[in-house]
Enquirer: 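Pasting a structure here, questions to come.
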Amino acid sequence: MERDAVSGEWVARFRRNVRRWYARGGRDLPWVGERDPYVVWVREIMLQQTTVTAVVPYLDRFLKRFPTVESLAGAESAEVLRVWEGLGYYSRARNLSRGAKMIVEEWGGQWRNTATELQSLPGVGPYTAGAIASFAFDQSAGIVEANTARFYARLLALRSDLHSGEGRRQLWSLAERIVPRDRPGEFNQALIDLGATVCGVTPQCQECPVRGSCRSLELGEVERIPARASRRDVTDVFELLVVMRRGKRLLLIQHPDGERWGGMWGFPALSRDRALARSRFDERLIESEVADWGCDVEFQEWMDEFQHGVTRFRLHLQPIVAMWRSGSWEGPVTAEWVGIDELATRPLSVAGRRVATRVERILRHNGAQA
DNA sequence: AAACCGGGGCC
DNA sequence: GGCCCAGGTTT
């Protein structure tokens, strides 16, 4: 059946219908027609697991700051992370830094143009490689991402889990047979736009240019395909964030690569198994635990606690302020005393930025009173 | 091939 | 709070 679905005649008609639809139904995205491989690469990395709406302002800002692969290769990783702050999945920014150095130093600044070669860049997998190859280099490489996967699954009425080996095999098989030799980048963009609009999560089949070929529409199962992915349970995490103050400086730690917020800066955390009671007893306990990091501190104040979701975790964060009295950081991760005025230049996690902003406000208020 | 990665926006 | 997002890497 799958073989019949992609006969030469079927493919030719499918392509004509998709192209005709795209001419009037395609989205007016800011990057339509972009061919610069560097710009396409940065854009596609940003779009991994991230909505177009979220990416647009970040891409604009990123390319203004790092307009060429050479400028990115020459930048400090912290500077790249600062531009990335708030977009999430920070390993992508570190991969861009590494990849830029690789392109400049190992490739001599010369881009490779096949999907296979492009996959050797860190953070570039089958989708991103196919996207760069087709958009920037006019290679007839197939693509499968969220929009095309949903579209293909409905088109062929695929019942397998799209993330399973079987599901992926079926999707990529179709993608590679369906992409044309002529203007493959434009065609791939058309497929994505079709999957993002007409064949979105809520399908609008009456507007679909290939509804006559859609197997799940024929079977009346468009609403049930693709199957919902199972979701992992949320795990609650309770942490106490210690804002250590020493004059006009705060102690920031750098989150290790491979852990939450890897590469970003933030405040040292004490793990708890539940929320704290804000008692005198807790205050003394905190002082004694901070002493294990080599710093003698005096508890100063409880700040407003807040929640922050990251992937499958729900963080319950309780920031406190403690005055440094003596000692130096001997904790398990890199740390630095950073001036209040310098906080704006450091890459902080969204939660860390929230705490930093509140501390700045508190200190300004106290300063005005003094 | 499944599990994990450990974010954030939108409704 | 549930659902989804122009995926990639690890085990």
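So that the names make sense, note that chain A is the first sequence line, chain B the second, and so on, each numbered from 1. Since the structure is predicted, the reported quantities are computational estimates derived from the model, not experimental observations.
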Enquirer: In whole angstrom, what separates A:Asp257's CG from B:dC4's P?
Expert: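 The answer, rounded to whole Å, is 21 Å.
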Enquirer: Taking the six-membered ring for Trp and the full ring for Phe, Tyr or His, determine whether the centres of A:Trp111 and A:Trp41 are under 6.0 Å apart.
Expert: yes
Enquirer: Out of C:dC5, C:dG1, B:dG8, which has the shortest distance to the side chain of A:Arg314?
Expert: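 Closest of the options to the side chain of A:Arg314: C:dG1.
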Enquirer: May I ask you to say what A:Val350 touches in the nucleic acid, namely base, sugar-phosphate or nothing, with a heavy-atom cut-off under 4.0 Å?
Expert: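 Since only primed, P, OP1 and OP2 atoms lie under 4.0 Å of A:Val350, the category is sugar-phosphate.
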Enquirer: For a quick test of reading the model: is some side-chain N or O of A:Thr128 closer than 4.0 Å to OP1 or OP2 of C:dG8?
Expert: yes
Enquirer: Can you tell me how far P of C:dC3 sits from CG of A:Leu162, to the nearest Å?
Expert: 17 Å
Enquirer: Does A:Tyr58 have A:Arg61 sitting over its ring (NZ/CZ under 6.0 Å from centre, angle to axis within 45°)?
Expert: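 Yes.
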Enquirer: With rounding to whole Å, what would you report as the distance between B:dC4 and C:dA6 at their P atoms?
Expert: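 Here B:dC4 and C:dA6 have their P atoms 25 Å from each other.
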Enquirer: Quick one: on DNA chain C, does A:Val124 or A:Val234 contact a more 5' nucleotide (nearest heavy atom)?
Expert: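 So the residue in question is A:Val234.
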Enquirer: Could you state the atom-to-atom distance from CD of A:Gln48 to C1' of C:dG8 in whole Å?
Expert: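 After rounding, the gap between these two atoms is 6 Å.
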Enquirer: Taking only side-chain nitrogens and oxygens of A:Arg312, does any of them come within less than 4.0 Å of OP1 or OP2 of B:dG7?
Expert: no
Enquirer: Whether the A:Gln48 and A:Tyr127 side chains hold a donor-acceptor pair (N or O, under 3.5 Å, no angle test) is what I'd like checked.
Expert: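 Judged by distance alone, the side chains do not pair up.
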Enquirer: Please pick, from C:dG1, C:dG8, C:dC5, the nucleotide with the shortest atom-to-atom distance to any side-chain atom of A:Thr51.
Expert: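 Closest nucleotide to the A:Thr51 side chain: C:dC5.
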Enquirer: Starting from the 5' end of DNA chain B, give me the residue, A:Thr53 or A:Gly88, whose nearest nucleotide shows up first.
Expert: A:Gly88
Enquirer: OP1 or OP2 of B:dA3 versus the side-chain N and O atoms of A:His163: is any pair under 4.0 Å?
Expert: no
Enquirer: Looking only at side-chain N and O atoms, does A:Trp302 offer a donor or acceptor that is under 3.5 Å from a partner on A:Glu283?
Expert: yes
Enquirer: Could you check whether A:Arg215 pairs with A:Glu221 (Lys NZ or Arg NE/NH1/NH2 to Asp/Glu carboxylate O, under 4.0 Å)?
Expert: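 No, this pair does not count.
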Enquirer: Expressed as a whole number of angstroms, how long is the span from A:Tyr89:OH to C:dC4:C1'?
Expert: 11 Å
Enquirer: What's the closest nucleotide to the side chain of A:Asn147 if the choices are C:dG8, B:dG7, C:dA6?
Expert: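 For A:Asn147, the side-chain atoms sit closest to C:dA6.
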Enquirer: Return the value, rounded to whole Å, for the distance between atom CD1 of A:Ile192 and atom P of C:dC5.
Expert: 13 Å
Enquirer: Using heavy atoms to find the nearest nucleotide of DNA chain B for A:Ser164 and A:Tyr58 separately, return the residue whose nucleotide is more 5′.
Expert: A:Ser164
Enquirer: Would you jot down, in residue-number order, the residues of residues 22-40 of chain A having a non-hydrogen atom under 4.0 Å from DNA chain C?
Expert: A:Arg27, A:Leu29, A:Trp31
Enquirer: Measure the distance from CD1 on A:Ile143 to P on C:dG7 and round it to the nearest whole Å.
Expert: 10 Å
Enquirer: Of the nucleotides C:dA6, C:dC4, C:dG7, which has the atom closest to the A:Gln49 side chain?
Expert: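 Nearest nucleotide to the side chain: C:dG7.
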Enquirer: Side chains of A:Arg98 and A:Asn95: donor-acceptor distance under 3.5 Å anywhere?
Expert: yes
Enquirer: Any base atoms under 4.0 Å from A:Gln189, or only sugar-phosphate, or nothing? Heavy atoms, all strands.
Expert: base
Enquirer: Less than 3.5 Å apart, any donor N or O on the side chain of A:Ser349 or A:Arg354 sitting next to an acceptor on the other?
Expert: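 No donor-acceptor contact under 3.5 Å links the two side chains.
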Enquirer: Hey, is CD on A:Glu9 packed in by over 12 heavy atoms from elsewhere, all under 6.0 Å?
Expert: no
Enquirer: For A:Gly262, which contact category applies under a 4.0 Å heavy-atom criterion: base, sugar-phosphate, or nothing?
Expert: nothing
Enquirer: Counting only side-chain heavy atoms from C-beta out, which of C:dC5, C:dC4, C:dG1 sits nearest to A:Arg228?
Expert: C:dC4
Enquirer: In whole angstroms, how far is the P atom of B:dG8 from the CG atom of A:Leu348?
Expert: 12 Å
Enquirer: Determine the contact category for A:Arg92: base if any of its heavy atoms lies under 4.0 Å from a base atom, sugar-phosphate if only primed atoms, P, OP1 or OP2 are that close, otherwise nothing.
Expert: nothing
Enquirer: Does the ring of A:Phe306 carry A:Arg358 above it, NZ/CZ under 6.0 angstrom from centre and within 45° of its axis?
Expert: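 Verdict for A:Phe306: no cation-pi partner in A:Arg358.
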Enquirer: Need one value for A:Gly195: base, sugar-phosphate or nothing, where a base atom within 4.0 Å counts as base even if backbone is also close, heavy atoms only.
Expert: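 Nothing, no nucleic acid heavy atom in range.
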Enquirer: Here's a test of your reading of the structure: between A:Asn95 and A:Val201, which maps to the more 5' nucleotide of DNA chain C?
Expert: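 Result: A:Val201.
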Enquirer: Under 4.0 Å between any heavy atoms, over every strand shown, what does A:Leu87 touch: base, sugar-phosphate, or nothing? Just pick one.
Expert: sugar-phosphate
Enquirer: Out of C:dG8, C:dG7, B:dG9, which nucleotide sits closest to the side chain of A:Glu145?
Expert: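 Of all the options, the side chain of A:Glu145 is nearest to C:dG7.
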Enquirer: Mind checking if A:Ala131 touches a base, just sugar-phosphate, or nothing, with heavy atoms under 4.0 Å?
Expert: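 It contacts nothing in the nucleic acid.
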Enquirer: Just the rounded figure in Å: distance from C1' of C:dA6 to CE of A:Met46.
Expert: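 Going from A:Met46 (CE) to C:dA6 (C1'), I get 14 Å.
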